[in-house]
Engineer: 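Sharing a structure here in structure tokens format.
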Amino acid sequence: MKTKYRYLILCTTLIIDLIIMGSAQPDCKHNFSPLDNLWEWACHFFKERDDYEKRCYMKHLYTPRNGKNDSLVIPLLEGPRILAAVKRPFCLSWQGGSPPYRIRLYHQYERKPFIEREPVKENSLKIEGLALSPGNYSLNINDAEGRKLQAKVTVVDPNEVPQMPYQEDLRQRDWSEAAKITLHATWLAAQNDGKWVFESYQQVAGFADEYHPAFLLRNALAGGQRPVLGQMGDSEPSTQIEQ
């Protein structure tokens with residue numbers, strides 16, 4: 001019963017967040033410019049993700065658990081992933097396994113971990129003020145039952161991060177800074193077949209609990225879902241979610 005009440009409270013919170021979101025972010029109903037069209041595309045993605053999360057909560061409410069742990073996986077780092085060399089909080093999320101976890105981050109030319117954290121009791125990690133230099137890194141995760149997982153990350157100069165079009169228009173809008181960052185991160189996640197998903201995740205993870213669209217984007221990327229732009233480019237985006 002405690003689990004049921006917890007999910008009911010969470011669903012109620014999400015509904016309240018959506019009401020607040022509708023009054024505090026750019027309008028999703030009109031299409032006056034290419035930037036408005038891009039935001040509308042992002043709004044469709046947020047709505048689809050919100051619907052998906054609600055279905056998941058209902059499934060947890062009424063589906064008995066078998067008590068078994070899933071395999072240890074990091075959807076965020078499946079395939080080539082690129083990160084900008086910027087000093088900021090380093091955020092990571094993974095799925096499955098059994099806590100506590102041991103997290104190690106290696107530079108390609110070093111045997112000693114650049115970062116090591118244990119025991120980690122949750123399936124997420126945040127390291128404040130981490131500065132990564134450009135290069136290739138290996139991330140290793142071990143869980144309490146001996147499962148092991150390794151993923152690769154390439155860190156590049158910030159100038160290599162794709163820049164969203166319509167930047168001048170975006171700067172002139174009276175949208176909140178959170179809305180602007182979230183729009184850019186959503187667009188970025190759709191670039192280059194998802195290579196920038198981990199960078200997109202970093203951009204919104206720090207304030208995702210305070211801004212619902214960022215919350216939805218963070219959860220989607222952590223779960224292996226990302227937005228996909230239409231074949232005609234930014235001016236005609238699709239609402240497809242790739243998983």
Side-chain angles (χ1 to χ4, degrees), residues 49 53 56 69-108 110-156 158 160-161 178 181-182 184-186 188-211 213-227 242-243:
R49 178 64 196 186
E53 292 198 4
C56 288
N69 292 299
D70 297 329
S71 300
L72 190 58
V73 295
I74 314 179
L76 267 174
L77 299 179
E78 292 180 355
R81 293 294 184 254
I82 306 176
L83 196 63
V86 179
K87 185 177 180 179
R88 61 185 170 188
F90 176 83
C91 299
L92 180 67
S93 176
W94 59 92
Q95 298 178 359
S98 300
Y101 303 93
R102 181 187 183 192
I103 314 297
R104 289 168 293 169
L105 183 65
Y106 294 86
H107 191 276
Q108 62 176 344
E110 298 180 2
R111 294 183 178 181
K112 184 179 180 180
F114 179 74
I115 292 293
E116 184 169 10
R117 294 289 188 274
E118 65 173 327
V120 178
K121 299 180 180 180
E122 305 293 335
N123 64 339
S124 61
L125 177 68
K126 182 178 181 180
I127 303 174
E128 296 289 348
L130 182 62
L132 296 175
S133 59
N136 295 318
Y137 293 80
S138 176
L139 177 70
N140 293 8
I141 300 180
N142 298 70
D143 78 348
E145 296 186 4
R147 297 184 182 91
K148 299 179 181 180
L149 179 64
Q150 184 180 79
K152 304 291 185 180
V153 179
T154 300
V155 178
V156 301
E160 296 186 36
V161 179
I181 294 174
T182 302
H184 179 269
T186 306
L188 183 62
Q191 305 304 306
N192 304 110
D193 297 322
K195 290 182 179 180
W196 296 96
V197 159
F198 197 35
E199 172 62 27
S200 174
Y201 180 87
Q202 301 302 320
Q203 292 185 6
V204 298
F207 61 90
D209 291 331
E210 288 76 44
Y211 185 60
F215 172 88
L216 295 171
L217 177 61
R218 179 196 64 183
N219 290 358
L221 299 180
Q225 292 183 331
R226 67 177 179 87
E242 184 172 286
Q243 183 172 17

Engineer: Nearest 0.5 Å, what's the OG-CD distance between S200 and Q191?
Structural biologist: 10.0 Å
Engineer: List in chain and number order the residues that pass side-chain contact (heavy atoms from CB on, under 4.5 Å) with E116, two or more places apart in sequence or in another chain; answer none if no residue qualifies.
Structural biologist: R102, R104, P113, E118
Engineer: Within the structure provided, determine whether I103 and W94 are in side-chain contact (heavy-atom separation under 4.5 Å).
Structural biologist: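 In contact.
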Engineer: Could you give the side-chain donor-acceptor pairs of residues 73-89 under 3.5 Å, partners two or more places apart or in another chain?
Structural biologist:
residue: R81; atom: NE; partner: L76; partner atom: O; Å: 2.8
residue: R81; atom: NH1; partner: E78; partner atom: O; Å: 3.4
residue: R81; atom: NH1; partner: G194; partner atom: O; Å: 2.9
residue: R81; atom: NH2; partner: E78; partner atom: O; Å: 2.8
residue: R88; atom: NH1; partner: E199; partner atom: OE2; Å: 3.0
residue: R88; atom: NH2; partner: E199; partner atom: OE1; Å: 2.5
residue: R88; atom: NH2; partner: E199; partner atom: OE2; Å: 3.4

Engineer: Applying side-chain contact (heavy atoms from CB on, under 4.5 Å), name anything that partners F207, two or more places apart in sequence or on another chain.
Structural biologist: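 Once residues adjacent in sequence are excluded, the partners of F207 under the side-chain contact (heavy atoms from CB on, under 4.5 Å) criterion are A178, I181, T182, V204, E210, Y211, A214.
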Engineer: Looking only at heavy atoms, which two atoms of A189 and R226 are closest? And how far apart?
Structural biologist: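 For A189 and R226, the tightest heavy-atom pair comes out as O-CD, 3.5 Å.
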Engineer: To the nearest 0.5 Å, what is the distance between CG on L139 and OH on Y106?
Structural biologist: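 Atom-to-atom, L139:CG and Y106:OH are 10.5 Å apart.
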Engineer: Cut-off 3.5 Å, no hydrogens considered: what does the side-chain donor-acceptor table look like for residues 215-223, sequence neighbours left out?
Structural biologist:
residue: R218; atom: NH1; partner: D209; partner atom: OD1; Å: 3.2
residue: R218; atom: NH2; partner: D209; partner atom: OD1; Å: 3.2
residue: N219; atom: ND2; partner: E53; partner atom: OE2; Å: 3.1

Engineer: Would you say that Y101 contacts L72 through its side chain, given a criterion of any heavy-atom pair below 4.5 Å between the two side chains?
Structural biologist: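 Yes - at least one pair of side-chain heavy atoms lies under 4.5 Å apart.
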Engineer: CD/Q203 to NE2/H184 distance, rounded to the nearest 0.5 angstrom?
Structural biologist: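 Answer rounded to 0.5 Å: 5.5 Å.
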Engineer: Verify side chain to side chain contact (heavy atoms under 4.5 Å, CB included) between L105 and I127, making sure each step is shown before the conclusion.
Structural biologist: CA-CA 12 Å; L105 183 65; I127 303 174; over 6 Å; no
Engineer: Rounded to the nearest 0.5 Å, what separates atom CD in Q108 from atom CZ in F114?
Structural biologist: 13.5 Å
Engineer: In chain order, what residues pass the ring-ring contact (aromatic ring centres under 6.0 Å, His included) check against W196, with sequence neighbours excluded?
Structural biologist: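 ring-ring contact (aromatic ring centres under 6.0 Å, His included) list for W196, sorted by chain: empty.
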Engineer: How many angstroms lie between atom NZ of K148 and atom CG of N142, to the nearest 0.5 angstrom?
Structural biologist: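 Interatomic distance, K148 NZ to N142 CG, rounded to 0.5 Å: 6.0 Å.
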Engineer: Checking Y201 now: which residues fulfil ring-ring contact (aromatic ring centres under 6.0 Å, His included) with it, not counting sequence neighbours?
Structural biologist: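 Expected list: none.
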Engineer: Restricting to non-hydrogen atoms, name the atom on C91 and the atom on Q202 that form the minimum distance, rounded to 0.1 Å.
Structural biologist: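 Shortest heavy-atom contact: O-NE2, 2.7 Å.
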